[in-house]
Amino acid sequence: MRGQVLLFLSVLYLNSVLGQVSYSIPEEMPKGSLVGNMAKDFGLDVKRLKSGKARIFNPDSEEYIELNKERGVLLIKNRIDREALCGQTTPCALHFQIILENPMEFYSVTIEITDVNDNSPSFEKNDVRFKISESAVSGAKFILDHAVDPDVGSNGLQTYKLEPTDNFVVKLHDHVDGTKNVEMVLEKPLDREKHEHLSLVLTREMSFEISELAVKGARFSLDSARDPDVGLNTLQTYKLSPTDHFKLNMLSRPDGTKYAEMVLQTLLDRENQEEHKLTLTAYDGGDPPKSGSVRINIIVMDANDNAPVFSQSLYRVTVPENASKGTVILKVSATDADKGTNGELVYSFSQNSDVTSSMFNIDSHTGEITVGGELNYEKVKHYEIDVDATDKGGLRDTSKVLIEVTDVNDNAPVISIISLSNPIPEDSAPDTVIAMLNIKDLDSDKNGQVKCFISPDLPFKIKSSSTNFYSLVSDDVLDRETTPEYNITIRAIDEGSPPYSTNKTINLRISDVNDHAPMFPQPFLNAFITENNSPGMSVLSVKATDKDSGNNARISYFLEDSQLSGMSASAYFSVNAESGEILAVRSFDYEQTKEFNIRVKAQDGGSPPLSSNVTVKILIQDQNDNPPQVLYPVQTGGSLVAEMVPRSADVGYLVTKVVAVDVDSGQNAWLSYKLQKATDRALFEVGLQNGEIRTIRQVTDKDAVKQRLTVIVEDNGQPSRSATVIVNVAVADSFPEVLSEFTDFTQDKEYNDNLTFYLVLALAVVSFLFITCLVVIISVRIYRWRRERLFYKSSGNLPVIPYYPPLYADVGGTGTLKQAFSYEVYGTADSRRSDMKYSQPFSQMPRHKTGSENITYSTYNYNYNYNYNVNSSCFSQRP
């Protein structure tokens, strides 16, 4: 069976509640049955259901309804029993919301469950027994238990039928609340002797008093009157007065005496007249007739012929839900016209009210109804109780008690988070929905009206989107770097007295957005590095900070490409991308480049990335790696410059000034001048700072013409470096005197220069010849030793000796050499001329013969005598 669909669409504030749709379906639909196509009814795309993670919010409805996001339809999840879900409440409906995220939206759905006649009326007891006296009069009423039908409307209980109807009929009485009271009414008097099969109990009362149940024609014998007379004068007749209920019958005995019987001709009713007074008069036949009378007092004995009657057929009472146990809420009252034990009543709850009566108690004697359990308005708002009043004879009456439970503010609001976006980006615009809330108070009226608010100091606010639904939205610009998270306490308070409140705290985290570029502490930095550094040396570590977090704060460092001295900056420096350490790629020379200006970029890992720059000025620090350079006097190898000092020079006479420079800087370029050695130290001095050479005494005739000064120029570096300059000074008054001494001075200079060269050369040659001779001698010794051993071990078998020509001799197997000659070589240093003499060759030594072999031995002795005369520069060689 397809349900009817009622569709209502309405657009609400904030786009949170976008529509409402209602469906109507019968109960007991099988699992998987279609309820409705909500995607079509709401105008939603199925893709939106998937991307928005559509789901049903309402714990009470999730058990019965499910959402198929693939098709966008609502299906039956479990069988729905309307009676179990709603009981007698009509209409019966399920209310829930469908929640979507990104953006946050929700749709209200109402599903009405219609009743199906799936329940039969039933009595609590299958067998009901009554004890009814056979004297019960027609019209006597007996209350029957109600039947219960869980269905509602036309499917509910409609009528009753009683079978058989020989003695009883059923009457229905409608109550104000629409329920029906069932009575069984006696139509015909009962006779136990005839109808024993009815299983009724008949109670007969015998007494001297007349029961009000006495039937018509009941006879009561009266005592006979006595009359001593006889004949006509004796007792003749009786007369009874009044005769409203009784009449008198005259009867004669066999002996002729007469007696009277009082016969009931009208039914007695004790409730109308409890006592009857009669007069019985006896008359004789005399003349005048005489009479005698007696008073008859008839006491009508009560019979249980009246059922109890409640003062009200329907009682209404209200009771607060916080009423304590034992609180009297109502007193019911019934009356019984009977007397004595027949009028004693017992109050009780009807058997069909066991569930509700468990919450209440009734005093069986007084009819006071008290609270017996804990009332809860939110669970049960009203109770219907049938109260019976029963007399001792089993007659009873029933009244209905409607107990309305009034609400008391005993429930605090309940805050439920339907959906929460956590974390939210810090660049969220104002009015961004953060959470959807459902706030309910189970109380009613003002006790259930809720106000919701948060702290005004927070950049958020609460907006009501629909009944019981609220939205938590942003109210200001968020900044994670200022406040990375918020503890939002939502306070819901009802309007009861006293009010109840509930707090719920949401820890909302703010996610980072790359809105901050890396920042250096200073826009300009200075670094220092000493020249002649090794490649890869650390210059400086730059450090930037980023207020963002995560990848947005992960900083990488790069060297910006620029030109330094005509080359790319990367040819001089490199930057570690992770640490920001600046490394020197090559060695630097202060004298070539004194500073560099580079730019280092710090870039974060955000998308898109943000960056900033810092300018680093790298200053090359000087190192004392250059010696001083003498500019004056100029040192040349071809000519000699000399300063001339007249012999008449006074003390402090300025001879010359040594001028030197150092390409280093700072202290490394501070020069000092010292006189290292001089021909006459007592004659000259050098200025420590200015390098001026001055006389320190009067020049005399005894002073030599040639003066040689060695001046050392030292810088102030650590360690210090120096340069030496030779200053030639001629003490003379005329140039011819200076020239005559200048030639010898030149020869001495050449002599000193050559002397060092020849000493080193001679040492090298001597060392080489010594080692060579030592190797040759050892080799010859070993060779001869081996030949002698071979000769003596040959046992007559002599080796063949090769033949050598007369002009050649064996020299250790290294080759042949013609007969030696003696050479004499003479050489001079100045004249560059050499003489060579050839001497005669040595004579050949005689040959010795042994046995049949002729062995020729040639011995050549070479004796070399080396004489190195430094003064004459002569080298001789003699054998």
Side-chain angles (χ1 to χ4, degrees), residues 9-21 38-39 41-70 72 74 77 94-111 413-441 450-455 458-476 478 480 485-492 502-511:
L9 294 177
S10 59
V11 179
L12 300 183
Y13 187 64
L14 278 179
N15 292 332
S16 54
V17 180
L18 296 181
Q20 180 177 350
V21 65
M38 59 82 54
D41 296 335
F42 283 118
L44 294 174
D45 191 353
V46 177
K47 296 180 180 178
R48 173 71 178 111
L49 299 179
K50 296 179 182 178
S51 63
K53 301 178 181 178
R55 66 184 186 278
I56 293 177
F57 171 76
N58 193 325
D60 298 333
S61 299
E62 289 180 357
E63 181 181 354
Y64 303 105
I65 305 297
E66 65 180 353
L67 173 62
N68 188 317
K69 290 184 286 187
E70 301 294 333
L74 296 174
K77 184 177 181 181
L94 297 174
H95 303 278
F96 57 89
Q97 288 73 37
I98 296 177
I99 308 298
L100 284 83
E101 299 179 355
N102 300 319
M104 195 174 297
E105 301 171 347
F106 74 94
Y107 300 82
S108 294
V109 178
T110 300
I111 299 179
V414 178
I415 302 175
S416 300
I417 298 177
I418 302 176
S419 181
L420 174 64
S421 297
N422 192 7
I424 63 169
E426 60 178 324
D427 62 347
S428 299
D431 285 339
T432 298
V433 179
I434 298 169
M436 295 297 299
L437 309 174
N438 176 252
I439 303 178
K440 294 192 299 184
D441 193 322
V450 178
K451 293 181 179 178
C452 182
F453 55 89
I454 61 175
S455 173
L458 297 175
F460 306 98
K461 61 183 178 181
I462 292 287
K463 288 187 177 182
S464 176
S465 53
S466 64
T467 305
N468 295 334
F469 287 91
Y470 299 85
S471 300
L472 175 65
V473 299
S474 59
D475 193 35
D476 202 349
L478 305 177
R480 188 205 66 84
E485 64 179 10
Y486 292 90
N487 286 320
I488 306 172
T489 300
I490 302 171
R491 182 176 177 83
T502 300
N503 295 334
K504 193 174 190 67
T505 300
I506 297 175
N507 180 260
L508 180 64
R509 300 183 304 279
I510 309 300
S511 61

Measure across Glu101 and Lys53 and return the closest heavy-atom pair with its distance rounded to 0.1 Å.
OE1-CD, 4.1 Å
Min side-chain heavy-atom separation Ile454-Leu472 under 4.5 Å:
yes
Could you report the tightest heavy-atom contact between Val450 and Ile439, atom names first, then the distance?
CG1-CG2, 3.7 Å
Approximate separation, where rounding is to 0.5 Å, of Ile488 CD1 and Phe460 CZ:
4.0 Å
Rounding to 0.5 Å, atoms CG (Leu508) and CG (Leu478) come to a distance of 8.0 Å
Any donor-acceptor pair under 3.5 Å linking the side chain of Ser464 with the backbone of Tyr470?
no
Taking Arg480's backbone N and O only, do any of them form a donor-acceptor pair with Glu426's side chain (distance below 3.5 Å, no angle check)?
yes
Just do the side chain to side chain contact (heavy atoms under 4.5 Å, CB included) check on Lys461 and Val473 with the steps written out, would you?
CA-CA 6 Å; Lys461 61 183 178 181; Val473 299; 3.5 Å; yes
Distance, nearest 0.5 Å, that separates OG of Ser51 from NZ of Lys69:
10.0 Å
Distance-minimising heavy-atom pair for Asn68 and Glu70
OD1-N, 2.9 Å
Would Lys504 and Ile417 count as a side chain to side chain contact (heavy atoms under 4.5 Å, CB included) here? Give the steps.
CA-CA 10 Å; Lys504 193 174 190 67; Ile417 298 177; 3.6 Å; yes
Can you give me the closest heavy-atom contact between Ile98 and Met38, atom names plus distance?
CD1-CE, 3.2 Å
N/O donor-acceptor pair under 3.5 Å between Ser419 side chain and Met436 backbone
no
Side chains of Ile418 and Phe469 in contact at under 4.5 Å (non-hydrogen atoms):
yes
With rounding to the nearest 0.5 Å, note down the distance linking CG in Asp475 to CG in Asp431.
7.0 Å
Rounded to the nearest 0.5 Å, how far does CD1 of Ile510 lie from CD1 of Ile424?
4.5 Å
Between the side chain of Asn422 and the main-chain N/O of Asn507, is any donor-acceptor distance below 3.5 Å?
yes
Show the numbers, then the answer: is there a side chain to side chain contact (heavy atoms under 4.5 Å, CB included) between Phe42 and Leu49?
CA-CA 11 Å; Phe42 283 118; Leu49 299 179; over 6 Å; no
Heavy-atom donor-acceptor pair, Ser474 side chain to Thr432 backbone, under 3.5 Å:
yes
Would a 4.5 Å heavy-atom cut-off, applied to side chains only, mark Cys452 and Ile490 as touching?
yes
For the CD1 atom of Ile434 and the CD1 atom of Ile462, what is their distance to the nearest 0.5 Å?
9.0 Å
